[in-house]
K.L.:
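Got a structure for you, questions after.
Predicted, not measured: the structure shown is a model, and the values here were computed from it. Here is how names work: the chains are called A, B, and so on, in the same order as the sequence lines, proteins then strands, and each is numbered from 1.
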Amino acid sequence: MNYDHQEIERRWQDRWEADGLYRSVVDWDRPKHYALTMLPYPSGDLHMGHWYAMTPSDARARFMRMKGFNVLFPMGFDAFGLPAENAAVQRNVHPANWTWDNIDRMRRQLRSMGAMYDWDREAVSCDPEYYTWTEWLFRRFFEGGIAYRGEAIVNWSPTLQTVLANEQVIDGKDERTGQPVIQRKMEQWFFAITNYADELLSFDGIDWPEPVKAMQTNWIGRSEGAEVVFAMETGDEIPVFTTRPDTLWGATFMVLAPEHPLVDALTTEEHRVAVDDYRVAAASRSELERMEADREKTGVFTGSYAINPVNGERIQVWIADYVLLSYGSGAIMAVPAHDQRDFEFARQFELPVVPVIRPTGADRFDGNTMAEAYIGPGTMVGSGPIDGVETTDAKGRANPSVAAAIDWISAQGSGEEAINYRMRDWLISRQRYWGAPIPMVFRADGTIEAAPELPVLLPDAPAFTGGPSPLTTDERFLLTTDSDGEPARRESDTMDTFMCSSWYHYRYLSPHFGTAPFDPEEAAYWLPVDTYTGGAEHATMHLLYTRFFTKAMRDLGVFDDTARLMRDHGRDPKSAFDEPMTQSRNQGQILGEERPGDRLVVAGEWIDGRFVAESVRVDDHAAADAAPVVGELIRRTERTLQVQTADAMVTVEVPENAEVEVPGIDGINDVTQLRHYLEVQRMSKSKGNTVNPDELVERYGADTVRLYLMFAFDWEKGGPWDSRGIAGARRFIEDVWKIGSTAYEPGRISDDASLALRRSAHQTIIKVDRDMEAFKWNTAIAALMTLRNDLLDARRTATVSLEAWNETVDLLLVLLAPIAPHVTEEIWSQSGNAESIHLQAWPESDPEIAADQTVTLVVQVNGKVRERIDVAPDIDEEAAIAAAMASERIQEWLAKGEVRKVIARPPNLVNLVIN
RNA sequence: GCCCGGGUGGCGGAAUCGGUAGACGCGGCGGUCUUAAACACCGCUGUCCUUCGGGGCGUGGGGGUUCAAGUCCCUCCCCGGGCACCA
């Protein structure tokens, strides 16, 4: 019988759905496992990246289920957001219709994966049933003091007509559209995520990828130091944060951010024009220009002076755009001798440079002649009470001079130890329509209160023009009443969609629950999420927000009922709500396939019929006569390129020292970079290198596509797509089909052969189990392929018993079931099994069968392998050495010198050291 | 500049503890089948030398520790990602 993947896959998907095979029900008698994959945005079509993220996590969930866990594996859609509004503008379709149509299509595509999603748990964030509770959580955050309204200089996108979070602005441009973002002061809603900075820095008790932890730690950006107060001659006081309070005696001027609120008051009449001009210029300068590397320092003097609190020196107060209002207090003490930025500024404007650190074993610097700031270790000098104290490269109190300085200024009252964070509070207001409304009302008396009734539903909007949100002008929506029944006006902003995705794993538990965000009965059993998988691109936004969200919900008592129920069921709720997900893993990214078509310009000379390059340039517009060889790249191996010129196919060899010029990479490149450029391209429609999973599924079947994605890459790394490799995956699936669906007829049976096959099967269990546990799909599949090879050999020789054959085939099917759920189910069912293969228990390896009968003893002479001998696994040291010495080949080596030392690691290795 | 991750055959990638480098697959080469091609099947496939027994070299470069290094240490180079005038 032929393997008809289309018929088999369709039939089993229908059958599983009809049988409710993947419905998850709370069962306190069984251990639970909550497996979660980042939910997709309903952009319209599932692409290869979705398959790459979702099918391995499905395999993992299936594996856990077979291991005996009661597994919850839900799916949903992160359905609010700007693309729906853009579609509305461009195609005159309502965002809701566009979104729901896309969801319908993607749901169908998701089903074609054959994943074990529990669709009864589906949650869609734009559904009123969902966003009612997003609003409810906002209100709870407001009441608990975590949500607050504040004025801030914000990132305003004129293109999108909305404010963006810092995380959404890259190089002064909106990360989505690439359009510039300007700075503007506005009243906005914030979440006090900084209250949780220290707790978010701790990853105790959770198993998350190191890079994610590092990125979050960087993002939070904790710095230890001191806050020091500088008195102004005007009577104002300005605190500054510094990580180097020990260098206070070298602070020779002060710099404020141009936007600093005290600038006006500090500016003297004489300098007002210059200061105002500078501030206007700074405001109009884009973030991008402001951050340009190596830009010359600019700034102006305010005319005012401050008093250095440690030595009473009168120092000038300047403003400059290298000081950012958003970090620390927006003001710095400048220590030009020991900070490179301050040094450059001081040299630019001829301000004094006073060194206070003497490098160990060197003369003291001369502030007038030093060429750059000194930031190394040494001894404090010219620093009054801390003179002579050692300074090291250590940070914070671990540096003796910093500790001494903090102690002294604290005692003296001019400052205190302080910690500063780079992370700001989370700005969640968005001036858009397609989001969860912020459920607040502005009362007639100017106060603000939470909307007395929830939900606040999005009104129908007549038309979308791309201008300001329709909510800002819709009176049916805006006009309301406050809790006293008085006329009031609604907040017209909606929430950042990251808010919706910060708690979706709780809504999955009970998507239709009507009295709380989630049913505590479900939560008490399922929480927290045990395994979370998704893309590393969410390391600092989604993954940080969702951790914060859970901690805030915990502190506001949202989990109180859940904790009580946990106790009732005998489960300790302690630290159950400190983190949303106990384990997290990131998959890599699937890149586009290496493509031919790049136009190469090659100079060099002909040697023995090959063209050896001196220089290679990738240039899509080069004229044909620009060099000896100009043409289209057809194929590439390590160092040879097949180039189709106007009249011939030329083999170009690119030596190591050839000059290579690749667009987008500055300077002279090398072969590696050329290779990289030609190979690694993101899949994108504009590059024409996308691979459509629907077509592949139709042609090869979902099982083959799943297996290929899990086999051909290191899952956490990803890589370029290779359309040739999928044939091998298909071959494997077809082999399994043949093995499982064709009767085996034993010939002359050998007990040794039967045992060898069973041993192979039982060793495979160990490998697959270990690898699936660790998300190592590629090596798990490699082990299954080896077992396939053993079965094919066994059929050829026909020397294994029918029992051994059947046992091995069953093991192969069960171990493969999480990866290729359809074909294994079909063969299983054909073999007369009534119960689904996906309900079978994960097999356990029998140690007696798995044990090797012989092992290879490696014999080395001076560390080099010279002989391999089959020995019993329990061979002792003496016998191993004897066996090694007895070898003829080893005898020859031993004749060359005297044995000085023997290292034996039975049963694997004997190393003979001779001279 | 700072912080992560990485560099292994023509390619994707294996290699629990420092102990047989290159599992598994793709590709390639040779063969069988076929009028032919595709498919399928069998064999070979790191590289150089070889008297065909085997030997030299080999995990980005250089150095070190060790009986033994892809693995540990130092140093440099390159690639990917993140952050970046962060005081």
K.L.:
Expressed as a whole number of Å, how far does the C1' atom of C79(B) sit from that of G60(B)?
P.N.:
10 Å

K.L.:
So which nucleotide from A14(B), C85(B), G55(B) ends up closest to the side chain of Trp893(A)?
P.N.:
G55(B)

K.L.:
Output all residues satisfying side chain to side chain contact (heavy atoms under 4.5 Å, CB included) with Lys901(A), sequence neighbours left out; order by chain, then residue number.
P.N.:
Ile903(A), Val913(A)

K.L.:
For the residue pair Phe349(A) and Phe345(A), categorise the inter-ring angle as parallel (less than 30°), tilted (30 to 60°) or perpendicular (more than 60°).
P.N.:
tilted

K.L.:
How would you list, by chain and number, every residue that makes a side chain to side chain contact (heavy atoms under 4.5 Å, CB included) with Arg900(A), sequence neighbours excluded?
P.N.:
Asn915(A)

K.L.:
Using atom P of each nucleotide, how far apart are U71(B) and C17(B) to the nearest Å?
P.N.:
14 Å

K.L.:
Measuring from the side chain of Val865(A) (C-beta onward, heavy atoms only), which nucleotide among A21(B), C57(B), A87(B) has the closest atom?
P.N.:
A21(B)

K.L.:
For G9(B) versus G27(B), give the span between their C1' atoms, rounded off to a whole number of Å.
P.N.:
12 Å

K.L.:
In terms of the angle between their ring planes, are Tyr52(A) and Phe713(A) parallel, tilted or perpendicular, with boundaries placed at 30° and 60°?
P.N.:
perpendicular

K.L.:
With sequence neighbours excluded, tell me which residues meet side-chain hydrogen bond (donor to acceptor under 3.5 Å, both in side chains) with Ser329(A).
P.N.:
none

K.L.:
Quick check on ring pair (Phe, Tyr, Trp, His ring centres under 6.0 Å): which of Tyr700(A), Trp721(A), Phe732(A) does Tyr708(A) satisfy it with?
P.N.:
Trp721(A)

K.L.:
To the nearest Å, give me how far apart CD (Glu537(A)) and P (G5(B)) are.
P.N.:
19 Å

K.L.:
If a protein heavy atom is under 4.0 Å from the base, mark B; if only from the sugar-phosphate, S; if neither, -; do that for nucleotides 65-74 of chain B going 5' to 3'.
P.N.:
--B-------

K.L.:
Which dot-bracket string fits RNA chain B when only Watson-Crick or G-U wobble pairs with both atom distances under 3.5 Å count, crossing pairs get [ ], and | stands for a partner on a different strand?
P.N.:
(((((((..(((......[....)))((((((.......))))))((((....))))..(((((..]....))))))))))))....

K.L.:
Would you indicate which nucleotide in A14(B), G5(B), A87(B) comes nearest to any side-chain atom of Pro211(A)?
P.N.:
G5(B)

K.L.:
Dump every N/O contact between nucleotides 44-50 of chain B and the protein below 3.5 Å, one line per pair.
P.N.:
none

